[in-house]
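As structure tokens, the structure follows; a few thoughts come after it.
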Amino acid sequence: MRYTKSNIIIKYMETDKDHIHYMIETEPTISISKVVI
């Protein structure tokens with residue numbers, strides 16, 4: 001799965017009962033708070 005807006009790549013996604021886990025790849029200069037959708 002690729003989401004290339006702001007150079008973010010979603011490598012892996014896993015769903016749980018009430019939430020979702022993402023393994024992402026970003027540039028080191030992007031703050032994690034900018035990644036939260």
Side-chain angles (χ1 to χ4, degrees):
M1 180 181 306
R2 282 178 118 26
Y3 179 73
T4 55
K5 183 178 180 185
S6 301
N7 298 322
I8 300 168
I9 300 170
I10 299 173
K11 303 291 268 182
Y12 179 76
M13 182 181 74
E14 176 182 280
T15 59
D16 208 351
K17 188 175 182 179
D18 58 354
H19 58 279
I20 300 171
H21 299 267
Y22 290 102
M23 174 71 71
I24 62 169
E25 182 177 313
T26 71
E27 295 176 6
T29 57
I30 297 176
S31 169
I32 193 66
S33 62
K34 301 279 186 192
V35 173
V36 177
I37 301 172

Open item on the list: With salt bridge (charged side-chain N to carboxylate O under 4.0 Å, His left out) as the rule and sequence neighbours excluded, what pairs involving residues 14-26 come up?
Closed with: K11-E25
Nearest-0.5 Å distance, [atom1] of residue [X] to [atom2] of residue [Y]:
X	Y	atom1	atom2	result
Y22	T15	OH	OG1	9.5 Å
I20	I10	CD1	CD1	9.5 Å
I9	M23	CD1	CE	13.5 Å

